[in-house]
Engineer: 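One structure is given below, represented as structure tokens, and several questions about it will come after.
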Amino acid sequence: MKPVLKNSSDSAKIFEFTPRDFARVRALIYRQAGISLTESKQEMVYSRLARRLRAKGMSSFEEYLDGLESGRDSEEWEAFTNALTTNLTSFFREAHHFPILAEHLLGMKAPLSIWCSASSTGEEPYSIAMTACEAFGTLTPPVSIVATDIDTNVLAAAANGVYPIERIDKMAQERVKRFFQRGKGERAGLVRVRPELRQLVTFKPLNLLAASWPVSGPFDVIFCRNVMIYFDKPTQSRILARFVPLMKPQGLLFAGHSENFLYASDAFRLRGKTVYELEPGHAGARKFA
């Protein structure tokens with residue numbers, strides 16, 4: 001999953017959006033989701049939040065942001081966060097990770113536990129589940145996957161497991177036949193992940209900046225791909241420090257192709273291309289030894 005500001009071609013401005021308004025938005029989304037916005041995102045922020053103003057029947061950004069900060073509408077925080085984040089993903093994205101994952105799972109003691117910490121619309125955790133099924137040669141491998149995301153809208157879509165057929169057009173036909181059901185009639189052009197696969201994955205809302213996380217280790221594997229690049233280094237370091245005690249001593253942490261965790265934490269060492277393991281003897285690793 002990669003949270004980024006959404007693009008929009010809607011350039012018509014019916015609300016005033018001042019530099020002060022933008023500064024407030026930047027501070028709020030950083031505090032809420034850890035996302036650091038650059039000045040170049042001002043137009044995109046306007047286009048997305050203007051929709052929230054219209055939906056709420058408000059006349060100004062000042063009124064909208066005052067409402068957020070006052071806490072009078074706690075549900076709007078969720079809508080605010082969802083509006084400013086989107087999720088770019090695909091099945092078996094960064095494909096080099098999955099053979100490494102399969103080998104690792106076969107070398108660990110079952111049952112196995114995996115956390116996909118930015119699951120988006122589900123393609124990543126279902127790719128993990130397919131890899132586990134293929135590794136163990138069964139639709140019921142000894143693997144449980146918890147998949148989390150800050151965006152509640154995408155979590156609902158992920159749990160449903162229904163996708164346009166174009167989303168799997170690059171997938172091997174053998175894999176498609178084994179793991180997907182094709183829609184018929186009104187659902188023609190859609191595919192759904194098989195129920196056996198969906199049963200391997202539990203979806204939960206989770207904000208990586210929250211004081212507590214609704215997950216518990218130890219995990220054999222944590223996926224945190226294409227997320228950290230949107231956080232500043234202090235935020236990256238805090239999140240990585242919280243990963244450590246949730247990992248088994250030989251657990252693996254998978255990062256995105258443009259992410260480097262070595263500069264944010266001394267608890268990990270590079271095992272392969274954007275794949276990390278705990279440094280031997282680290283306090284976090286000893287916790288579950």
Side-chain angles (χ1 to χ4, degrees), residues 1-3 34-36 88-89 92-120 124-125 127-132 134-136 141-150 206-210 212-213 215-289:
M1 179 283 236
K2 182 169 71 172
I35 297 174
S36 299
L88 305 179
T89 187
F92 293 96
R93 185 182 185 192
E94 300 184 46
H96 66 280
H97 280 161
F98 295 97
I100 298 171
L101 172 64
E103 181 181 4
H104 179 67
L105 294 179
L106 291 174
M108 299 293 282
K109 184 179 179 180
L112 302 161
S113 183
I114 301 172
W115 177 20
C116 176
S117 66
S119 65
S120 185
E124 181 167 282
S127 297
I128 295 169
M130 285 184 266
T131 300
E134 291 171 346
F136 288 97
V143 174
S144 62
I145 303 163
V146 58
T148 65
D149 202 279
I150 192 173
L206 184 145
N207 183 345
L208 288 170
L209 265 66
S212 62
W213 292 342
V215 296
S216 58
F219 292 105
D220 296 274
V221 175
I222 295 178
F223 272 71
C224 186
R225 305 195 303 175
N226 305 304
V227 180
M228 293 289 201
I229 55 174
Y230 295 94
F231 301 147
D232 58 21
K233 187 172 291 186
T235 303
Q236 293 177 12
S237 297
R238 288 193 298 271
I239 292 172
L240 289 169
R242 294 177 70 181
F243 282 163
V244 172
L246 293 176
M247 296 179 66
K248 292 182 181 178
Q250 278 71 51
L252 295 183
L253 173 62
F254 288 82
H257 71 281
S258 59
E259 296 170 319
N260 187 337
F261 294 166
L262 296 179
Y263 296 101
S265 173
D266 60 3
F268 295 93
R269 65 181 183 182
L270 194 63
R271 173 168 169 170
K273 185 179 178 182
T274 58
V275 181
Y276 295 83
E277 60 187 358
L278 289 167
E279 285 282 3
H282 192 275
R286 291 196 298 270
K287 181 173 181 178
F288 295 111

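Just so it is clear, the model here is predicted, and its values are computed rather than measured.
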Engineer: Going by the rule ring-ring contact (aromatic ring centres under 6.0 Å, His included), which residues pair with F223 if we only count those two or more places apart in sequence or in a different chain?
Structural biologist: F254
Engineer: Please check: side-chain N/O of R225 versus main-chain N/O of R93, any donor-acceptor pairing under 3.5 Å?
Structural biologist: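 Confirmed, R225 side chain pairs with R93 backbone.
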Engineer: With E277, which residues qualify under salt bridge (charged side-chain N to carboxylate O under 4.0 Å, His left out), at least two apart?
Structural biologist: R269, R271
Engineer: Mind checking salt bridge (charged side-chain N to carboxylate O under 4.0 Å, His left out) for R238 and listing every partner two or more places apart, or none if nothing turns up?
Structural biologist: none
Engineer: So V146 and L206, do their side chains get closer than 4.5 Å, heavy atoms only?
Structural biologist: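 When only atoms from C-beta onward are counted, V146 and L206 do not touch, as no gap falls below 4.5 Å.
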Engineer: Does the side chain of I222 come within less than 4.5 Å of M247's, by heavy atoms?
Structural biologist: yes
Engineer: Assess the residue pair L246 and W213 against the criterion (side-chain contact (heavy atoms from CB on, under 4.5 Å)); give the C-alpha distance rounded to whole Å, side-chain angles, the decisive distance to 0.1 Å, and a yes or no.
Structural biologist: CA-CA 11 Å; L246 293 176; W213 292 342; 3.8 Å; yes
Engineer: Do I150 and L208 come close enough that some side-chain heavy atom pair is under 4.5 Å?
Structural biologist: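 No; the side chains remain at least 4.5 Å from each other.
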Engineer: Would you give the length of the straight line joining atom CG of L253 to atom SG of C224, rounded to the nearest 0.5 angstrom?
Structural biologist: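 Here the rounded value is 6.5 Å.
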Engineer: Could you check if a side-chain atom of F98 sits within less than 4.5 angstrom of a side-chain atom of I128, using non-hydrogen atoms only?
Structural biologist: yes
Engineer: So F243 and F219, do their side chains get closer than 4.5 Å, heavy atoms only?
Structural biologist: no
Engineer: When you measure from the side chain of E259 to the backbone N and O of T274, does any donor-acceptor pair fall under 3.5 Å?
Structural biologist: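 Flag not set: sc E259 to bb T274 has no pair under 3.5 Å.
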Engineer: Under the side chain to side chain contact (heavy atoms under 4.5 Å, CB included) test, which residues partner Q250, sequence neighbours left out?
Structural biologist: M108
Engineer: According to salt bridge (charged side-chain N to carboxylate O under 4.0 Å, His left out), who are the partners of E103, at least two apart in sequence or on a separate chain?
Structural biologist: none
Engineer: Output all residues satisfying side chain to side chain donor-acceptor pair (under 3.5 Å) with N207, sequence neighbours left out; order by chain, then residue number.
Structural biologist: none
Engineer: Examine distances only and state if a side-chain atom of D220 and a backbone atom of I114 form a donor-acceptor pair shorter than 3.5 Å.
Structural biologist: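 Here the side-chain-to-backbone pair does not exist.
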Engineer: Ignoring hydrogens and angles, tell me if any N or O in the side chain of N226 forms a donor-acceptor pair with the backbone of G256 under 3.5 Å.
Structural biologist: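 The answer is no, because no donor-acceptor pair under 3.5 Å joins these two groups.
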Engineer: Do you know which two heavy atoms are closest between S113 and P218, and how far apart they sit?
Structural biologist: CB-O, 4.0 Å
Engineer: Does Y276 have its ring centroid less than 6.0 Å away from the ring centroid of F261?
Structural biologist: yes
